[in-house]
Each structure stands twice: as C-alpha cells, then as structure tokens.
Amino acid sequence: MTRRYDASQIEPKWQRVWAEEGLSRASEDSDDPRPRFYALDMFPYPSGDLHMGHAEAFSGGDAIARYQAMRGFNVLHPIGWDAFGLPAENAAIKRGLDPKAWTYQNIEQQAASFDRMGMSFDGSRRLATCDPEYYRWTQWLFLRFFEKGLAYRKTAPVNWCPQDRTVLANEQVIQGACERCGTMVERRELTQWFYKITDYAQRLLDDMEDMVEWPDRVLTMQRNWIGRSEGARVTFTIAETGEEIEIFTTRPDTLWGVTFFVFSVEHPAVGRLAELGGTLEQVEPLIAHARTTKREYGDEADTKDGVFLGVHAVNPVNGEQVPVYAAPYVLMEYGTGAIMAVPAHDERDFAFARQHGVQVRPVIQPEGADPLDGDVMTEAYPGEGVMVNSGSFDGHRTPESIAEVAAWLDDQGRGHATVNFRIHDWLLSRQRSWGAPIPIVHCSTCGEVAVPDADLPVELPADLDFSLGGESPLARHPTWKHVACPRCGGEAERDTDTMDTFVDSSWYFFRYCSPGYEDGPFRPEDVDRWMPVGQYTGGVEHAILHLLYARFFTKVLFDMGMVPFTEPFPKLMNQGQVIYGGSSMSKSKGNIVEPMPLVERWGADSMRLIMLFAGPFEDDIDWKLIAGDDPNRRPGVHSWLGRVFGVVDEALARGTSAAESDALIRLTHRTIEGVTHDMERFRFNTAISKLQVLTNEMRTALDDGGGALGAARALVQLLAPFAPFATEELWREVLGEGSSVHVSAWPSFDPSLVVEDTVTMVVQVDGKVRDKLEVATGIDEAGALELARASAGAQRAIGDRDVVREIVKVPRLVNVVTRG
RNA sequence: GCCGGGAUGGCGGAAUCGGCAGACGCGCGGGUCUCAAAAACCCGUGAGCUAACGCUCGUGAGGGUUCGAUCCCCUCUCCCGGCACCA
C-alpha cells in the first residue's frame with residue numbers, strides 16, 4: 001500500500017516536532033566534541049512578508065546549514081532582522097502607523113513564514129537591530145570609534161529634498177530626484193558624522209588578495225570602489241594672489257605639457273577668484289547649476305563646458321603662467337577638486353582645450369612613430385613614450401619617468417609621490433528618527449561629549465510625531481534632546497541624528513555568537529569559538545556597501561584587540577535574483593509572485609526544490625520561464641517527491657527479501673560521491689538531478705523485482721538538506737528511524753564501488769563516432785585497439801582507406817585516423 | 001568608455017586536465033487507465049535526409065591549433081551586471 005505524498009499533512013507536524021526537540025539549536029556545551037560551523041545568511045529587512053528573493057537565498061543557506069550538521073558539525077545558523085530604516089518611517093508618515101509596531105509585526109510574520117519554510121534557525125539567538133538591547137551596543141561601538149578618532153564630525157555636502165525637508169542617503173536619490181516625492185534634490189553643506197574608513201582603505205584592499213573564496217565580481221567591485229591610484233601631489237600657485245593650490249595627478253611626467261588649470265565649479269576658491277578676475281557673472285550660473293542639479297554623465301556638451309576665471313596659475317616646474325578655468329568636468333570629490341590640464345595627453349583635457357582654444361603641447365613622443373604636433377592632433381595621446389620639452393627630463397621614458405619626476409618634485413619641495421583613493425569616509429548620520437540615536441551630547445562649554453557607557457542605550461522616545469515638519473521627529477520632540485552635559489552638568493542637547501542602518505548591520509554577526517550578553521556587544525570567547533563565519537550567503541546587491549563596512553568594522557575590532565581575525569567572512573556565496581519576464585519583480589510592473597502561497601499550495605519542500613533545481617545558485621531565476629503563468633500547475637519537483645515516497649515505501653516493503661543489484665549499489669555510491677561534491681561547490685541543481693537519476697533507477701530496479709533499501713536510505717539522507725519535511729517523514733515514519741534524519745550522519749561512499757566494472761568505449765574514425773562498445777574498465781591499449789578495429793561501425797567507415805594513425809585513450813576512446 | 005560575466009534544443013539547464021553534445025527537469029506529441037477529464041504510469045522528443053541500416057549538419061559569427069574543440073588561442077557580434085568625466 002503506497003503512501004501518498006501530502007505536504008499539507010507532513011509539514012506542519014514536523015515543524016511542531018522540531019520546535020519541541022530544539023533540533024536547530026547550536027550547542028554551547030563545552031564537552032561537545034564536534035567542530036563548529038557558522039552558517040550565516042544576510043539578515044532580512046522586515047517590510048511585509050518574505051518575498052521570492054528571500055525564498056531563494058534562504059533555501060540555499062539552509063541547505064548548507066543542514067548539510068554541514070549532517071557532516072558532523074555543531075552548526076550555528078541564526079536569524080535576525082535589519083529592522084531600522086526608512087520604510088518603517090514612511091509607513092508612519094503616509095499611513096500614521098507606529099514604526100515600531102509596524103516593524104515588529106512584520107518581523108513576527110516573517111519569522112512565522114521562515115518556520116513554515118522549514119528554515120533551521122536557532123530561535124534562541126533571534127535579534128532585531130531596533131531592539132534597545134541591540135542598539136545599546138551599536139551606540140557603544142560608536143563611542144569606541146569616537147574615542148579612537150574613527151568617528152568624527154565635519155561639514156560636507158549632502159542630498160537634501162526640499163519637499164520632504166530632509167536629508168536623503170545616496171541610495172534614496174534616483175536620477176537626481178527624491179525616491180519618495182520625485183523632487184530634484186539639492187546639495188547642502190551640513191555638519192555630519194563620519195566613520196574614518198579611509199584609514200583602512202589600503203588594508204581593505206590588501207586583504208582581498210587572500211579572499212579566494214569570494215566571487216570575483218564582488219572583489220572587483222570592492223577594488224573599484226576603493227579606487228587606489230598612484231601618482232603625485234603637486235603645488236601650483238595662483239599668480240594674482242600667491243595662494244598655493246595642490247593638485248593630484250597620476251602623470252607627473254606630463255607636467256611640462258600643462259597649458260591650463262581647472263577648478264571644480266564646487267571648489268570653495270572659485271567664487272573668490274572669479275570676483276578677482278572679473279568673471280563672477282559668467283561663473284555664477286555654473287555654480288548654481290552644480291548645486292541644484294545631479295551631475296549627468298556622458299554628456300558631450302557638459303564635458304567641454306567651463307568658464308575662464310580671469311586669473312592664472314604658475315606651473316612649479318617651469319614657472320609658466322597658464323589660464324585658470326572652472327569646469328563641471330572636474331569633480332570636487334576626487335583628489336583635491338582642482339587639476340592641472342595636459343590636453344596633449346588626456347582625452348578630457350584635449351576636448352576642453354579644442355573647445356576653448358587653449359594650446360596643446362605634446363611632451364611625450366611615441367617611439368617609432370611620427371612626432372606629435374599639438375596644432376594638428378585630433379585626439380590626446382595617453383600612451384607611453386619619450387619625454388620632450390621637459391627640461392632636464394628630456395629623453396626619459398615613461399612609464400619609468402613617472403616615479404623619477406615624483407621623486408624630483410619631492411626633492412624640490414614642489415610636490416610629492418602619493419597614493420589617492422576614490423573611497424570617502426562613511427557618512428553615517430541621518431536626519432531620521434527610526435534608527436539608533438548617535439550617543440553624543442552637544443554642550444556649549446564642553447563641545448561634543450560622549451554619553452557615558454552606563455547611560456546606554458540612548459533610547460528613542462515612544463511618542464514621536466511623524467507628520468512632516470521642519471526638522472526630523474526626533475529633533476522636534478519637546479523634551480527628548482534636552483539633557484545635562486555628562487561632563488559639566490550644564491544645559492546641553494543630544495545629537496538628534498540617527499545612524500545609517502548599515503552601521504547596525506556591520507556587526508550583527510558578532511552578536512549572534514553571544515545572544516543576551518550584558519557586558520559588551522559580544523563575549524570575545526564566543527566570537528573566538530564560532531568565527532570567522534564558515535559560509536556567508538546573500539545577495540550581490542550588498543557587494544560593496546554592507547560587505548565593505550562589515551570588513552571595516554572587523555578590522556577596527558581587531559585593532560582594538562576584541563577579535564582575533566581581520567576578515568569576518570572568508571567564504572561568500574551570492575544567490576541570483578528571482579525575476580519575472582526578464583526584469584525584476586516590482587509593484588509598479590504588477591509582476592510580483594509571492595512565495596508563501598506557493599508554500600501553502602505545494603509545500604515548503606517543493607518551493608525549496610524549485611528554487612534550487614532551477615539552475616546554478618548564483619544565476620538569476622526567471623519565474624516566468626521556469627513556472628509559467630499557471631499557479632495551479634503541479635511543479636515537476638512535487639511529482640518527483642511523490643515518486644520518492646513511492647520508491648522508498650516499496651523498497652521498505654520489499655526489504656531484504658530481494659537482493660539489491662550490483663548496478664544499483666554502485667549507482668548509490670556514485671550518487672553519494674557526486675552529491676557530496678556538488679554540495680561543497682553549491683551546485684544544488686546538479687545534486688538534485690543526480691538524486692532524480694537515482695530515483696529513476698530505483699524505480700526500474702523495483703519494477704524488475706529487485707531490492708532498493710540501501711539506495712532508499714541514501715536517497716532520503718542526501719535529499720534531506722533540500723526537502724527537510726518529506727525526508728523526515730520518510731526517515732522516521734517509513735524507515736522507522738528513532739531520531740531525525742537531520743542529525744543522522746551524512747552517508748559515505750566506498751571508492752571501489754564508485755568505479756564501474758564496464759564502460760562504454762567510443763570508436764571514432766577521423767574524429768567521428770562510428771561505434772560504441774561495452775568494455776571492461778581495466779582493458780589495455782592493445783585489447784581496446786583490437787576490439788575497435790574489428791567493430792562493425794569502424795570497418796564500415798574505414799572501408800579501403802589506409803590507417804595512418806591510431807589514438808587510444810583507455811578505456812574511453814579509440815580514434816582511427818585514415819588518409820584516403 | 002572601463003571592469004566583470006555570459007551566448008548550448010521550444011524552455012530552465014547538463015557536460016570543460018580537449019574525447020559519446022543536450023544529463024535531469026519543464027513543455028510538447030503519442031499511449032495505458034477512465035463514461036469523460038484530471039492525476040498517475042509508459043513511450044517518444046536538436047535539425048535535416050533515408051523504406052531501412054544509417055548518413056549529414058549542429059554549442060552566437062569567422063578564423064586558428066589538434067587525430068579530435070561547447071572547452072584552448074585570435075578577431076568580431078550581441079546580451080546581462082557593476083562603475084562611470086576618478087585627472
């Protein structure tokens with residue numbers, strides 16, 4: 001009597017049993033002999049219920065966690081929520097909801113959905129970054145950074161939405177407009193808090209050399225973001241005022257080719273110099289434009305835009321005076337916000353020079369080509385060559401001369417070799433109220449004063465008014481900010497900004513090691529035991545921000561002696577996105593497919609198998625292509641699970657009364673080997689296909705009257721990380737095991753049984769397959785050749801032509817080469 | 001523009017120390033069962049030629065290396081992702 005597969009009967013039952021048994025709890029028992037494994041998934045943001053992206057990511061992460069547990073590891077697999085941030089506040093503004101209630105309600109819903117999906121999270125370690133007992137330590141860490149000078153305040157330009165009257169993060173500015181109301185944002189100078197990540201730029205770069213188990217694209221993105229350039233800083237002088245202006249260049253060897261000088265229009269000196277030069281009228285519109293408009297890139301007209309300021313710069317290497325311009329093509333945020341322009345050897349400078357009629361003077365001549373002539377050049381020459389018109393450096397070759405000139409500048413006191421980074425310090429303050437308050441008190445006598453550790457957390461007040469107003473709800477609160485200065489006791493005000501949510505997520509993985517710890521963000525011994533993370537799983541959208549910040553935090557904690565390693569995530573795995581019809585799912589496109597209805601209809605096991613069988617884990621899944629448009633169509637993996645129930649049931653019924661065939665035993669061992677190998681490389685799709693092959697062969701064996709009990713046990717165990725509910729049912733209820741399949745030992749294989757005793761040998765003639773022979777695996781070359789020559793297919797193809805060569809690769813192939 | 005990754009049946013994908021291209025699944029076609037449908041199960045399914053045995057073509061395009069190329073090399077086209085006036 002074959003048991004029918006019914007997920008709705010099976011899944012809620014085991015969900016309950018596992019919770020009662022505490023199956024997923026990591027062991028802190030010091031007598032536990034098992035090695036530890038930390039399986040970490042990027043924690044979700046609690047806006048609404050789980051979406052398809054979560055279903056995909058966590059299906060993979062959970063498969064890894066369950067696999068490692070069966071491999072004999074004591075697995076830590078925690079979950080939490082990245083729970084501060086804009087959506088909660090927007091819900092409050094738009095719909096008058098309490099952000100805290102909204103957030104915790106969503107967390108409960110997502111937690112229930114995770115349970116329903118069979119995720120093996122250790123529920124005793126659950127956290128949310130908006131819990132006061134969590135952000136207490138976010139604030140504590142901020143103060144440690146502050147003490148070290150790694151958190152500081154400075155005035156910087158930020159994105160300001162005049163409609164919503166608030167600062168926005170860069171991510172919240174879409175094509176120059178506020179993501180919420182569509183208003184063009186302005187740039188405003190505001191005093192903000194920063195983390196000094198630039199101090200760690202070189203180390204963040206260097207340590208990537210050893211991170212061989214990260215995806216290349218993520219490493220590349222981080223390298224580009226850090227943007228290291230070697231070059232020199234050179235000091236120019238404004239002829240009319242005598243003030244010195246430093247520039248950064250990667251090509252000091254072209255200094256003798258400078259024919260003009262350019263400030264970014266946002267450079268603070270521009271207004272003053274334009275006034276002096278009598279060109280303020282022409283310059284002002286450019287400055288105003290830059291202030292209110294997001295830069296458009298790739299705009300040809302913009303590249304050549306610019307205004308002569310009416311003043312001149314003195315070139316330190318030859319004393320020449322060159323005209324000074326202000327132009328939008330020079331970025332305030334890179335280098336010093338001012339450049340020396342060498343049109344003969346820089347594309348952008350060349351375009352600008354031709355537009356404005358500035359001289360082009362080549363100082364690098366390509367070897368073995370016609371000499372460059374500045375008057376007739378049609379494009380810049382950025383390549384290598386020999387220096388000319390460069391004083392005593394004439395005849396020196398680039399690129400070697402770059403360092404030579406830099407060293408010479410240093411000797412002369414006119415500049416110095418340096419390294420420039422593109423990365424900026426991390427602006428962490430937000431004029432938002434659903435975040436961790438910055439634990440600083442501003443006192444008119446004492447200045448910036450740290451809130452004493454004993455007074456942490458600085459808690460958010462419960463009664464914030466989220467209606468739109470002049471200042472943030474926190475700043476507007478009638479009493480919250482007014483406190484006594486911790487140092488002098490005088491009247492003072494709290495900082496009313498909160499921290500970027502990326503601060504919250506830069507250390508949550510440490511907290512999981514010591515849930516509820518009262519004496520610090522984590523207990524160092526716990527972190528020492530569990531970390532670094534064994535496997536980190538999450539979306540590639542965090543390739544730069546979160547992963548870079550978390551690496552930065554870890555290095556700072558290392559320097560403080562709090563953790564014994566400098567990289568938190570040696571292994572990183574990025575899942576692909578779930579898209580629909582070639583583009584991302586979104587409300588506006590109306591193409592959102594929800595995972596939970598799928599789970600209710602077909603079961604969590606089927607949902608997980610659909611996700612992992614669809615293709616390589618790191619590739620996108622186009623839901624339209626793999627599932628079609630009919631939600632009631634039975635998924636193929638669901639039918640397969642039904643067949644698995646059939647074969648396991650039948651294998652048990654037959655028991656040992658019928659012998660298991662040698663072929664099936666060998667296939668079972670090959671499957672164990674193959675699936676194990678695939679799990680190590682996250683090739684879930686091919687692992688599942690191997691299990692399907694085994695299922696099909698078991699079906700055949702049973703239909704032929706044979707046994708399949710050994711194969712059945714292996715199948716159930718190997719499938720357990722993917723389909724935890726169905727396999728538990730089969731393991732305990734059908735196979736009658738006393739304890740969970742998820743704590744059973746991952747099956748091992750006998751290498752001697754992995755090798756087939758016969759193999760198909762391909763017989764080729766002139767590289768084309770002409771016959772296939774079944775031969776013994778251990779066949780020797782002479783034997784193989786003899787069989788091949790004699791085969792009907794080879795005879796027919798060779799005909800009466802001469803055999804000129806025979807290639808034998810035992811036992812797989814013989815290729816007979818003819819000439820005829 | 002620069003960097004990274006791709007292109008294989010109707011579809012998702014498999015196979016790379018160079019050696020049977022298309023595993024596994026979806027879809028589709030045919031069949032069994034059924035009054036019928038669904039489900040389940042069985043068979044078939046790259047294209048073309050052939051009565052059949054078989055043969056030819058085929059992994060984005062072109063070329064090269066090789067007995068043999070989806071795999072290695074060169075040139076090109078297109079697609080996806082990231083960065084984007086970075087001096």
Side-chain angles (χ1 to χ4, degrees), chain A residues 2 4 215-225 227-229 231 247-251 254 262 264 295-300 302-305 327-331 333-342 345-349 351-352 382 420-423 540-541 543-544 576-577 582 609-610 613-616 618-628 633-637 639-640 642-643 646 683 685-693 695-696 699 703 760-772 792-793 796-797 804-807 809 812-819:
Chain A
T2 301
R4 272 192 66 84
D216 282 341
R217 60 175 168 168
V218 175
L219 293 173
T220 303
M221 283 160 73
Q222 291 214 356
R223 285 198 183 95
N224 291 343
W225 185 263
R228 183 184 194 275
S229 292
I247 59 97
F248 173 75
T249 178
T250 53
R251 292 297 300 275
T254 65
V262 192
S264 165
R295 233 186 325 275
E296 298 288 335
Y297 37 78
D299 184 342
E300 183 71 12
D302 212 32
T303 302
K304 298 174 181 175
D305 231 12
Y329 87 86
V330 175
L331 303 177
E333 56 270 23
Y334 186 79
T336 64
I339 63 154
M340 65 179 212
V342 186
H345 304 295
D346 181 279
E347 213 180 299
R348 297 148 303 169
D349 296 347
F352 189 91
N420 193 66
F421 290 97
R422 204 181 77 110
I423 191 172
V540 74
E541 67 273 16
I544 297 172
Q577 301 211 320
L609 285 167
I610 289 170
F613 185 55
E618 61 274 14
D619 287 6
D620 288 352
I621 294 173
D622 193 325
W623 195 257
K624 189 176 186 179
L625 296 180
I626 68 155
R633 194 170 81 193
R634 186 180 185 191
V637 291
S639 308
W640 172 51
R643 288 195 294 278
R683 305 294 298 268
N685 56 330
T686 52
I688 291 166
S689 83
K690 289 179 174 80
L691 295 174
Q692 292 176 338
V693 170
T695 309
N696 295 345
R699 179 77 270 159
D703 289 348
T760 305
M761 183 174 79
V762 174
V763 181
Q764 295 183 336
V765 176
D766 296 324
K768 287 180 177 163
V769 180
R770 296 302 180 187
D771 217 331
K772 295 176 187 179
R796 191 167 47 236
V804 295
R805 192 174 164 188
E806 286 159 323
I807 285 119
K809 301 277 177 186
R812 293 239 100 96
L813 173 132
V814 172
N815 186 13
V816 180
V817 185
T818 69
R819 184 72 30 89

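Note that the structure is a prediction, hence the values are computed from the model and not measured. Here is how names work: the chains are called A, B, and so on, in the same order as the sequence lines, proteins then strands, and each is numbered from 1.
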Can you measure [X] atom [atom1] to [N] atom [atom2] for me and round it to whole angstrom units?
{"X": "W640(A)", "N": "A40(B)", "atom1": "CH2", "atom2": "C1'", "answer": "18 Å"}
{"X": "M761(A)", "N": "C20(B)", "atom1": "CE", "atom2": "P", "answer": "14 Å"}
{"X": "I544(A)", "N": "G81(B)", "atom1": "CD1", "atom2": "P", "answer": "15 Å"}

The side chain of [X] lies closest to which of these nucleotides: [options]?
{"X": "T249(A)", "options": "A40(B), A84(B), A87(B)", "answer": "A87(B)"}
{"X": "R633(A)", "options": "G19(B), A87(B), G27(B)", "answer": "G27(B)"}
{"X": "N696(A)", "options": "C11(B), U56(B), G25(B)", "answer": "G25(B)"}
{"X": "T220(A)", "options": "A23(B), G4(B), C67(B)", "answer": "G4(B)"}
{"X": "P616(A)", "options": "A14(B), C55(B), C67(B)", "answer": "A14(B)"}
{"X": "D346(A)", "options": "C20(B), C26(B), A87(B)", "answer": "A87(B)"}
{"X": "I626(A)", "options": "A87(B), G12(B), C3(B)", "answer": "G12(B)"}
{"X": "R422(A)", "options": "G82(B), C20(B), A84(B)", "answer": "A84(B)"}

Mind checking who A47(B) pairs with, Watson-Crick or G-U wobble, both distances under 3.5 Å? U56(B)

With a 3.5 Å limit on both atom pairs, tell me what G81(B) is paired to, counting Watson-Crick and G-U wobble, or say none. C3(B)

Sugar-phosphate only, base, or nothing, as touched by S229(A) at under 4.0 Å among non-hydrogen atoms: sugar-phosphate

If the cut-off is 4.0 Å, is K690(A) near the phosphate of A15(B), judged by side-chain N/O to OP1 or OP2? no

Looking only at side-chain N and O atoms, does R683(A) come under 4.0 Å of OP1 or OP2 in A15(B)? yes

How would you label the glycosidic angle of G48(B): syn (within 90° of 0) or anti? anti

